[in-house]
Amino acid sequence: MKIAVCISQVPDTTTKVKVGGNGKSIDPAGVTYIINPYDEFAVEEALKLKEKNGGETVVISVGRDGVKETIRKAFAMGIDKGILVKTDNELDSYSVARNLADVLKEINPDIIFFGKQSVDYDDSQVSTLTAEFLGLRSVSVVVDLKIEGSTVTAEREIEGGKEIVTSSLPVVISAQKGLNNPRYPNLKGIMQAKSKPIEEKQPSFTDNKTEVISMRLPHGKSKGKIIGTDATAVPELVRLLREEAKVI
Amino acid sequence: MAKILAFIETRDNQIKASGFETVSEAVKLAKELQCEAEALVIGDNAVSSANELGKYGISKVIAVENQRLNKYSTTAFAKIAAEICRQKGFDIILLSATAMGKDLGPRVSAKLEAGLAADVIDLKVENGDVIATRPVYAGKAIIDIKITSSIKMFSLRPNVFKAEKVEESTPELEKVSIELNDTDFGVQVNEVTVSNEKIDVAEANIIVSGGRGLKGPENYHLVEELAKVLGAGVGASRAVVDAGWRPHSEQVGQTGKTVSPTLYIAVGISGAIQHLAGMSTSKCIVAINKDKDAPIFGIADYGIVGDVFEILPVLTEEFKKLLSN
Ligand SMILES: Cc1cc2nc3c(=O)[nH]c(=O)nc-3n(C[C@H](O)[C@H](O)[C@H](O)COP(=O)(O)OP(=O)(O)OC[C@H]3O[C@@H](n4cnc5c(N)ncnc54)[C@H](O)[C@@H]3O)c2cc1C
Ligand SMILES: Nc1ncnc2c1ncn2[C@@H]1O[C@H](COP(=O)(O)O)[C@@H](O)[C@H]1O
C-alpha cells in the first residue's frame, strides 16, 4: 500500500504572537516550530495502516528549508520517506494544495492523510483542495476510520454530532483529534531519522489567489471587573450581564 | 458588475441558523456593491425553504433537487455549486464556515480557480474590493485579506454575522437540474447522529465551559445545569477532555473549537494560552476561578474570585429567577 501524509510546520502553540516588521505576518524571532498538532494524528494513522497492510509511507511538505526538521520528526515516528517542496515564498492554501497535488500525482498513493487544519492560518482548506485537484474522493474531520479491502468507512465530526461516511480507495482523509493517540518517537526512531532521505523539489505553482493586506493583534480587553470573592457577588454579576453587557 | 451567490446549508430540509446569517450578509453586501444577490439551496426538497429566505430580503432562490441529495455528499454538492456559478456568472460566493461549508468551500474554489477566505468574521467594501477579516493563530492575531482571482469566495464564521429579517417578500424561485451520476456520489453520508437536546459549542450563543477546577466528571452536572437554564452549549478545557471527563467535541481552544459566542462563562479554567486562543473573540467573558492570578482574568470582562462549588449553584438559581420573570 502506498500511503502519503501531508504535514505542515507551525509555531509552537505557546507562542505569543507578535506582528512582524512587514505588518502582514508574525515576527519569527524567538518562535520555535513544531509539527502541526493535527498532522500527528495523520502520521499515526498512516503508520498504523502500514503496520496492518505493509507498504510505504511518505510525508510531503511545502515550505522553507527549516521544515526538514519537522519532516525528521515524522521520520522519528516511523515514516519512511520525505519530500520537501522548497520555497521561501508565502504560499496560500490554494498554491500549497496545487504543489501537493502535483507531487502526489507522481506518487499515486492509495490513501492520503492530512490534518484537519493548520494551527497557524487555521484555513481547513488544503486537504479538500488537494483532493479536488487530484479528482479524488475525500472525507474531512475524521475521528474514526476503517478500511476493509478498498472500502472506506469513516466517522466525521459535524456540529452536535457525527456522520458515518462510506467511500472507497483511493481517498483523501483529514484527521481530527480522537482518531488515534500519536506515538512518541523512540530512540531507535530518532537515530534512524537522521539517515532517511528527504527529496527536494521546486514549487510548480506560485500564483496565489489571496493576499494578506495587514495583520494586527486583537483588541486587548480593558481590564475586567472582579466583582467579588464569594457567592454574594452573584446577584451583582447577573445584574451587570443584563444591564451593562446586555447579553442575557 | 458583481453577482453574489449565497450557498444556504440545510439539514433535513431545515435551513440552519448560519444559513440565515449567510443570506443576510449576501443581501447587505449586494447593497454596498449595488449588485444582485441570489441564494442556492441543494437537497431532496430544496424548494420548501425558498419562501423562508425571502424574509431576509433575497430576491431569488435557486433550488437544485434530487432524491439522492437528502444528505451531504462532498463531490455532488461541489459539482452543483460550481455548475450554478458557471452557468449564471456568479463571481462572489458566500457560504458558512460550518463542518459542511469547510468541506465544500475548498472543492468549489478548486473547480472555479477561485481564492477562498475561510472563517471570516467581517466583510467590508473598500474601493470596490471586498476585504475579509479573519482570525489566525486561533485568534491570537487578525488579518485583513483580499482575493485576487476573478471569482471570490468567503466562508463566514457561524454566529458572528447578523441574520436580519426585512419586510416579508416572496422570492422568485428557479428550479435547476444538474445531471449527476454515480461517481458524483463516490463519498456518501449513510448515517447522521445528531443529539437534538445538546447545543454544539460551535453554534451556541452562550457557552458555559468547565475546567479541571471542577475536580471530577461527577461534578460536571453543575456546568450542565447552568447551561440548561441559559439555553447554552457546554464547553470544556483540554485538560478535562484529556482526562476523559468530557468528549473532544466539547473542547474549546487551539486544538479544539474556536468559538465566539455572545457570552462565555469559564468555570475552573486557568486560561492557558491555547484555551484563550479558542474563545478570546467571545463578546462577553465571565470567569470564575479561586486563583486571583489565573490568566483567564486577564481577558474576562467580569470575574468572581472564588470556589466554583459555592458559586455555580447560586448562579444557576439567580439566572433561573431572572429568566422566569
Ligand atoms: C499543543 C497543545 C494544544 C493545546 N490545545 C488546547 C485547547 O485546544 N484547549 C485547551 O483548553 N487547552 C489546550 N491545551 C492545554 C493547555 O495548555 C492547558 O493545559 C489546559 O487548557 C488547562 O486546562 P484547565 O484550565 O482546565 O486546567 P488547569 O490549568 O489545571 O486549571 C484549573 C483551574 O481551576 C482553578 N480551580 C481549582 N479548583 C477550583 C475551585 N474549587 N473553584 C474555582 N476554581 C478552581 C485553578 O485555580 C486553576 O486555575 C493545549 C496544550 C498544548 C501543548
Ligand atoms: N505547507 C504545507 N505542506 C504540506 N501540507 C500542508 C501544508 N499546509 C497545510 N498542509 C496540510 O493541510 C492540512 C490543513 O491545513 P490548512 O488548510 O492550512 O488548515 C494540514 O493539517 C496539513 O496536513
Side-chain angles (χ1 to χ4, degrees), chain A residues 11 13-14 17 19 26 37 92 94 119-125 128-129 132-133 137-141 157-168 177-178 208-218 221 224-231 233-235 237-238 240-242 245 247-248, chain B residues 74-75 98-99 102-103 106-107 110-111 114-119 136-149 186-195 198 200 202-203 248-249 254-255 262-263 273-274 280 284 297 299-306 310-311 314-315 318-319 322:
Chain A
T13 57
T14 54
V17 166
V19 178
I26 66 164
D92 67 3
Y94 190 98
V119 303
D120 48 8
Y121 274 74
D122 295 320
D123 245 359
S124 298
Q125 291 201 45
T128 20
L129 274 170
E132 183 61 36
F133 289 136
R137 297 172 282 271
S138 64
V139 190
S140 53
V141 198
E157 207 176 85
I158 58 169
E159 290 84 7
K162 282 183 181 144
E163 286 176 350
I164 313 282
V165 183
T166 49
S167 190
S168 55
K177 180 177 174 181
N208 283 352
K209 304 288 182 197
T210 55
E211 186 190 319
V212 176
I213 302 167
S214 65
M215 177 182 275
R216 60 185 177 278
L217 298 184
K221 293 229 180 211
K225 281 187 204 161
I226 299 293
I227 303 160
T229 55
D230 56 29
V234 167
L237 172 63
V238 171
L240 287 167
L241 289 176
R242 166 145 284 192
V247 291
I248 291 287
Chain B
T74 177
T75 31
T98 51
K102 283 182 182 168
D103 188 73
R107 277 213 180 252
K111 283 184 189 289
L116 163 64
D119 210 15
V136 290
Y137 299 93
K140 289 183 212 166
I142 309 275
I143 56 171
D144 279 344
I145 178 171
K146 187 169 98 178
I147 296 176
T148 50
S149 52
V187 182
Q188 186 65 57
V189 176
N190 287 332
E191 198 186 316
V192 184
T193 46
V194 179
S195 150
K198 267 172 81 178
D200 192 82
E203 293 185 313
H248 177 251
S249 56
Q254 192 154 12
T255 52
T262 313
L263 174 60
I273 188 163
Q274 296 97 342
S280 60
C284 177
F297 288 121
I299 65 154
D301 299 275
Y302 304 109
I304 298 182
V305 179
E310 185 204 333
I311 292 158
V314 181
L315 190 57
E318 198 71 18
F319 277 127
L322 178 80

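All values reported here derive from a predicted model rather than from experimental measurement. Just so we're on the same page: letters track the sequence lines, and every chain starts at 1.
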Step-by-step side-chain contact (heavy atoms from CB on, under 4.5 Å) determination, A:Ile26 to B:Lys140
CA-CA 10 Å; A:Ile26 66 164; B:Lys140 289 183 212 166; over 6 Å; no
A:Ile158 versus chain B, heavy atoms under 4.5 Å apart: side chain, backbone, both or neither?
both
Proximal component of A:Pro37, with respect to chain B [non-hydrogen, under 4.5 Å]:
side chain
Contact between A:Asp122 and B:Asp119 at the side-chain level, heavy atoms closer than 4.5 Å - yes or no?
no
Chain B shares the most heavy-atom pairs under 4.5 Å, among A:Leu237, A:Val17, A:Ile164, with A:Ile164
Looking only at heavy atoms, the pair that brings A:Glu211 and B:Thr148 closest together is OE1-CG2, 3.8 Å
Contacting moiety of B:Thr255, where chain A heavy atoms sit under 4.5 Å:
both
Below 4.5 Å, heavy-atom pairs only: which of B:Thr262, B:Ile311, B:Asp103 has the largest tally toward chain A?
B:Asp103
Given the options A:Leu241, A:Val165, A:Ile213, A:Ile227, which has more heavy-atom pairs under 4.5 Å with chain B than any of the others?
A:Ile213
Looking only at atom types and distance, does a side-chain atom of B:Glu318 sit under 3.5 Å from a main-chain N or O of A:Val238, one as donor and one as acceptor?
no
Chain B interface, residue from A:Asn208, A:Thr229, A:Asp120 that has the most non-hydrogen pairs under 4.5 Å:
A:Asp120
Quick check for you: to the nearest 0.5 Å, what is the distance between A:Leu129 atom CG and B:Arg107 atom CZ?
9.5 Å
Chain A contact via B:Ile143 - side chain, backbone, both or neither, heavy atoms under 4.5 Å
both
Between B:Ser149 and B:Gly115, is there a donor-acceptor pair closer than 3.5 Å when you use the side chain of the first and the backbone of the second?
yes
Top of B:Ala202, B:Gly139, B:Ala141, B:Ala117 for chain A proximity - count of heavy-atom pairs under 4.5 angstrom:
B:Ala141
Check each atom of A:Val141 against the heavy atoms of chain B and say whether the ones under 4.5 Å are side chain, backbone, both or neither.
neither
Top residue by heavy-atom pair count (under 4.5 Å) with chain A, among B:Val189, B:Ile147, B:Ile142, B:Val194?
B:Ile142
Can you tell which of B:Thr98, B:Val314, B:Thr193 has the highest number of heavy-atom pairs within less than 4.5 Å of chain A?
B:Thr193
Any side-chain heavy atom of B:Pro106 sitting closer than 4.5 Å to one from A:Glu132?
no
Checking A:Asp92 against chain B: side chain, backbone, both or neither under 4.5 Å from a heavy atom?
neither
So do B:Ile273 and B:Gln254 actually touch side chain to side chain, heavy atoms under 4.5 Å?
no
Looking only at atom types and distance, does a side-chain atom of B:Lys102 sit under 3.5 Å from a main-chain N or O of B:Ala118, one as donor and one as acceptor?
no
By salt bridge (charged side-chain N to carboxylate O under 4.0 Å, His left out), which residues pair with B:Asp144, not counting sequence neighbours?
A:Arg216, B:Lys124
Heavy-atom pairs under 4.5 Å with chain B are the metric here; pick the option from A:Ser140, A:Gly161, A:Ser167, A:Ser214 that has the most.
A:Ser214
In terms of heavy-atom pairs under 4.5 Å, which option from A:Lys177, A:Lys162, A:Glu163 contacts chain B the most?
A:Lys177
If one checks every heavy atom of A:Tyr94 against chain B at 4.5 Å, the contacting part turns out to be side chain
Could you grab the distance from atom CZ of A:Phe133 to atom NZ of B:Lys111, nearest 0.5 Å is fine?
11.0 Å
Contact origin within B:Ile304 toward chain A - heavy atom pairs under 4.5 Å
both
